[in-house]
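These notes concern the structure reproduced below.
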Amino acid sequence: MPIELIIATVAISLALLFYTWGVFGERRHGSLSLKYVLLFWAGLTCDTTGTLIMSNIASQSNVTGFGIHGITGALAIALMIVHAMWATVTYLRGSQKARKRFHTFSTVVWLVWLVPYIIGMLVGIPAIHLRAVCAIGTAIAIVGLLAAYLFARDRNDDKPRKPKSGHNGKHPGSGAALSH
C-alpha cells in the first residue's frame with residue numbers, strides 16, 4: 001500500500017475519531033464547550049487533509065469523474081466548515097440555551113459526514129469492494145438507522161420521567177421504613 005494512501009486513511013480515521021468524540025461528548029455533556037469546539041476543528045483538519053491526499057491519488061490514477069463519493073465528500077466538508085465556524089461563534093457569543101441546543105446541529109452534520117466515510121470504506125476496502133450504487137444504498141441505510149436511533153433517544157430524553165415507587169408508595173431510599 002502506498003504511503004500516501006496510508007497517510008490519507010489515518011487522517012480520515014482520525015477525523016472520524018475526533019468528530020465522533022466531539023459530537024457525542026457534547027451530547028453527553030449537555031452543552032458546547034471549548035473542548036468540543038477544538039475537537040470539531042481537529043476533525044475538519046484531519047478530514048480535509050485525508051480528502052486532499054485521496055483526491056491527489058485519484059487524479060494520478062485512471063479514475064474519471066467526481067462521482068457521488070466526491071460530491072457527498074465535498075458537501076460533508078462544506079458542512080463541517082460551517083459547523084466548526086458556528087460552534088466557535090456559539091461558544092464565544094452564544095447564550096447558554098444556544099450552547100445546550102447545539103448538539104442537534106452537530107449530530108446532523110456528523111450523520112451527513114458519515115455517508116461519504118462509509119461509501120469510501122465500502123468501495124475502497126478490497127475485501128468489501130462494493131459497487132458504488134450498493135455502497136451508496138448501504139451508507140444511506142446505516143446513517144438512516146443511526147439517525148432514527150439518535151433522534152428517538154433525544155425525544156425520549158426530553159420527556160419527563162415518573163419517579164419509581166417502592167412497595168409502600170414511597171420513593172426507594174427516601175428513608176421510609178417498610179412495615180410488616
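All residue numbers in this chain count up from 1 along the given sequence. Not measured: the values here are computed from a predicted model.
Residues Ile53 and Ala8 come closest through the heavy atom pair CG2-CB, 3.6 Å. Heavy atoms only, all atoms of each residue included: Leu44 and Ala84 are closest at CD2-CB, 4.3 Å. Closest approach of Gly30 to Lys100, counting heavy atoms only: O-CG, 3.3 Å.
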With a 3.5 Å cut-off and sequence neighbours excluded, list the donor-acceptor pairs that the side chains of residues 108-123 form with protein atoms.
residue, atom, partner, partner atom, Å
Trp110, NE1, Thr20, OG1, 2.9
Trp113, NE1, Asp47, OD1, 3.3
Trp113, NE1, Asp47, OD2, 3.0

Quiz: residues 138-145 side-chain donor-acceptor pairs under 3.5 angstrom, not counting sequence neighbours:
residue, atom, partner, partner atom, Å
Thr138, OG1, Cys134, O, 2.7

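Arg99 contributes no side-chain N or O that, together with a main-chain N or O of Ser33, makes up a donor-acceptor pair within less than 3.5 Å.
With values rounded to the nearest 0.5 angstrom, Cys46 atom SG is found 11.0 Å from Leu16 atom CG. Atoms CZ and OG1, on Arg101 and Thr90 in that order, are 12.5 Å from each other to the nearest 0.5 Å. Atom CG of Leu150 is separated from atom CZ of Arg27 by 5.0 Å, given to the nearest 0.5 angstrom.
Checked against ring pair (Phe, Tyr, Trp, His ring centres under 6.0 Å), His83 has the following partners two or more places apart in sequence or in another chain: Tyr19, Phe40, Phe102, Phe105. Take Tyr36 and apply the side-chain hydrogen bond (donor to acceptor under 3.5 Å, both in side chains) test, not counting sequence neighbours, and it matches no residue. For Thr9, the side-chain contact (heavy atoms from CB on, under 4.5 Å) partners at least two apart in sequence or on another chain are Leu5, Ser13, Met54. Every residue two or more places apart in sequence or in another chain that forms a side-chain hydrogen bond (donor to acceptor under 3.5 Å, both in side chains) with Ser31 is listed here: Gln96. Under the side-chain contact (heavy atoms from CB on, under 4.5 Å) criterion, Leu38 pairs with Leu34, sequence neighbours left out. With sequence neighbours excluded, no residue forms a ring pair (Phe, Tyr, Trp, His ring centres under 6.0 Å) with Trp41. Scored by the side-chain hydrogen bond (donor to acceptor under 3.5 Å, both in side chains) test, Thr49 finds no partners at all (sequence neighbours excluded). Every residue two or more places apart in sequence or in another chain was checked for a side-chain hydrogen bond (donor to acceptor under 3.5 Å, both in side chains) with Thr72, and none qualifies. Remark: Leu52 engages Thr48 in a side-chain contact (heavy atoms from CB on, under 4.5 Å) (not counting sequence neighbours).
In the hydrophobic cluster analysis, where Ile, Leu, Val, Met, Phe, Trp and Tyr join through side-chain heavy atoms closer than 4.5 angstrom, Leu75 is grouped together with Val82.
A heavy-atom distance below 4.5 Å is not found between the side chains of Glu4 and Asn56.
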